[in-house]
Amino acid sequence: MSRADGLRAHVVVPREHFSVDVSLHVEPGETVAVMGPSGAGKSTLLQALAGLEPLGAGEIAVEGRVVDRVAAPRVRTDPMRRGVVLLGQKPRLFPHLSVRENVAFGPRAAGVEVRAARAGADDWLARVGLPGSAERMPHELSGGEQQRVAVARALAASPRVVLLDEPLVALDPETAGDIRRMLRDQLVSTTTVAVTHDAADAVALADRLLVVEEGRVTQAGAVREVLAAPASGFVASIAGVNRLVGVASGGAWRSRDVLLTSADPASRALAATDGAALAAVFRPGDVRVAEAGAESWTAAVTRIEPTLGGVRVHTDAGEVDLSLDAAAGLAVGDRIRLRVDPGLVRFVGVGVGVGVGDA
């Protein structure tokens, strides 16, 4: 058994409409984020890794030790003996135990002497930003404080792998930001799989990102690289960018009557083969309402959504962020002309080309 192996898993779990079938390898001390649409199988993946969901097929190994395997010889390790902890959206603290005793529970269950376990709990409480809170009861804490205690309790058990199932989703933005920073500091040397719906969590916490859609990994790589080159509409939505699908045409990108060029050398190289399926990627904030001219296109307004800085205008050919003044008088069904500077456009390859309206 070697810590150098980290977490290796091939998880297959049948579900009603599809099977979750995900392979992953997390290096020791690495954090891998998992994102995907609701119902894609992300939580099922974590439940299987934790031993709370039986595998239909596959194998899970923690630091080189197989803890779950369906094929002969069958292995099925109890969740408490895997060296894996799962931290979810709810802290689930023991209500009858003090904060100190909650955190000391794992070490004490593992045979650590009471005084040492309590001293370790006090140390962890200080590390998660709650010094002096050891004698308080869970009901006396705010939601953010309870989640900090849950993190301390999880890490005090010296887990080999930590699984995070959207632990920040129920917190207000300020508290979530504080705990995100704390998690980043405390998980720096812990092998971690973090399911999240927030790209900010992935960027702040993770080294790599896996995108799971309908039970399969559809994109994987360094977090910023995946978000910069979305392979699906879902990834484009979480990255906050337009992803319009068309084909290469004369070194540019085209879909119907829309033609875009890019100043990026790698993008131009992708567009060198006419007919190759390409996606044009650019931010809504980089789009401008324009007069008729080269590389501008006409789009129909489909929805107008208020934002903190103005409005986001959704069209059948991309989204554009406008100020309140610029959007004054716009209505659903109006047609507007848009343009984006070639220096702000990237092209990425896709499997199958479809029209702009299908992106």
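Below, all heavy atoms of this structure are taken into account, side chains as well, without hydrogens, waters or symmetry copies.
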Work out which heavy atom in Arg243 is nearest to a heavy atom in Ala279; give both atom names and the distance.
-> CG-CB, 3.8 Å
From Ser23 atom OG to Arg216 atom CZ, the distance as rounded to the nearest 0.5 Å | 10.0 Å
Given side chains that start at C-beta, do those of Pro230 and Val241 come closer than 4.5 Å, heavy atoms only?
-> yes
Evaluate the side-chain proximity of Val11 to Glu53: yes if any heavy-atom separation is below 4.5 Å, no if none is.
-> no
How about Asp198 and Leu168: do any of their side-chain heavy atoms sit closer than 4.5 Å?
-> no
Taking the side chain as every heavy atom from C-beta outward, state whether Val345 and Thr261 have any atom pair closer than 4.5 Å.
-> no
Determine whether the side chains of Asp21 and His10 contain a donor N or O and an acceptor N or O closer than 3.5 Å.
-> yes
Minimum side-chain heavy-atom gap Leu86-Gln47 below 4.5 Å | yes
Rounded to the nearest 0.5 Å, what's the gap from OG1 on Thr191 to NE2 on His25? Could you check?
-> 8.5 Å
Looking at CZ of Arg92 and CG of Asn102, how far apart are the two atoms once the value is rounded to the nearest 0.5 Å?
-> 13.5 Å
Taking atom types as modelled, is there a side-chain donor on Thr307 or Arg312 under 3.5 Å from an acceptor on the other?
-> no
Please step through side chain to side chain contact (heavy atoms under 4.5 Å, CB included) for the pair Asp341 and Arg288, ending with a clear verdict.
-> CA-CA 9 Å; Asp341 188 280; Arg288 298 289 179 263; over 6 Å; no
Correct closest heavy-atom pair for Phe282 and Leu344 would be CB-O, 3.5 Å
Does CZ belonging to Arg15 count more than 12 external heavy atoms closer than 6.0 Å?
-> yes
Of Leu187, Leu46, Thr31, which is the lone residue that meets side chain to side chain contact (heavy atoms under 4.5 Å, CB included) with Leu164?
-> Leu187
Same cluster or not: are Leu125 and Leu183 linked, directly or through other Ile, Leu, Val, Met, Phe, Trp or Tyr residues, by side-chain heavy atoms under 4.5 angstrom apart?
-> yes
Are Leu205 and Val34 connected, step by step, through hydrophobic side chains (Ile, Leu, Val, Met, Phe, Trp, Tyr) whose heavy atoms are closer than 4.5 Å?
-> no
Residue of the set Arg181, Arg148, Arg127 for which side-chain hydrogen bond (donor to acceptor under 3.5 Å, both in side chains) holds with Gln186 = Arg127
List the steps and the verdict of side-chain hydrogen bond (donor to acceptor under 3.5 Å, both in side chains) for Arg337 and Ser296.
-> CA-CA 6 Å; Arg337 197 152 191 93; Ser296 63; 2.8 Å; yes
Do Gln219 and Ser232 have side-chain N/O donor and acceptor atoms under 3.5 Å apart?
-> no
Sidechain N-carboxylate O distance under 4.0 Å for Arg136, Glu145 | yes
NE2 of His197 to CD of Glu166, rounded to nearest 0.5 Å, is 6.0 Å
Would you give the length of the straight line joining atom CD of Gln147 to atom CD1 of Ile179, rounded to the nearest 0.5 angstrom?
-> 6.0 Å
Are Val67 and Val32 co-members of a hydrophobic cluster defined by side-chain heavy atoms under 4.5 Å apart?
-> yes
Tell me, do Val20 and Phe18 make a side-chain contact under 4.5 Å, heavy atoms counted?
-> yes
Shared hydrophobic cluster, Leu55 / Val22 (ILVMFWY, side-chain heavy atoms < 4.5 Å) = yes
Before giving the answer on side chain to side chain contact (heavy atoms under 4.5 Å, CB included), spell out for Trp253 and Val258 the whole-Å C-alpha distance, their side-chain angles and the decisive distance to 0.1 Å.
-> CA-CA 8 Å; Trp253 172 97; Val258 184; 3.6 Å; yes
Decide side chain to side chain contact (heavy atoms under 4.5 Å, CB included) for Leu7 and Val84; before the verdict, give the C-alpha distance in whole Å, the side-chain angles of both, and the deciding distance to 0.1 Å.
-> CA-CA 10 Å; Leu7 170 68; Val84 176; 5.9 Å; no
Val348 versus Ala229, closest heavy-atom pair with distance = CG1-CB, 3.5 Å
Using a 4.5 Å cut-off on heavy atoms from C-beta on, say whether the side chain of Asp201 contacts that of Arg180.
-> yes
Show your working on side chain to side chain contact (heavy atoms under 4.5 Å, CB included) between Val151 and Trp124 and close with a plain yes or no.
-> CA-CA 9 Å; Val151 171; Trp124 271 108; over 6 Å; no
To the nearest 0.5 angstrom, please state how far the CZ atom of Arg8 sits from the CD1 atom of Ile60.
-> 14.0 Å
Would you call Arg82-Asp68 a salt bridge at under 4.0 Å N-O?
-> yes
Grab the two heavy atoms, one from Gly6 and one from Pro28, that are nearest each other, plus how far apart they are.
-> N-CG, 3.7 Å
Report yes if some heavy atom in the side chain of His96 is under 4.5 Å from a heavy atom in the side chain of Glu101; otherwise report no.
-> no
Can you hop from Leu24 to Val212 via hydrophobic side chains spaced under 4.5 Å?
-> yes
Note: Phe234 and Val211 closest approach over all heavy atoms is CD2-CG1, 4.0 Å
Would you name the heavy atoms of Val320 and Val287 that are closest together and state the gap between them?
-> CG2-O, 3.5 Å
So, are Asp78 and Arg81 salt-bridged, with charged N and O less than 4.0 Å apart?
-> no
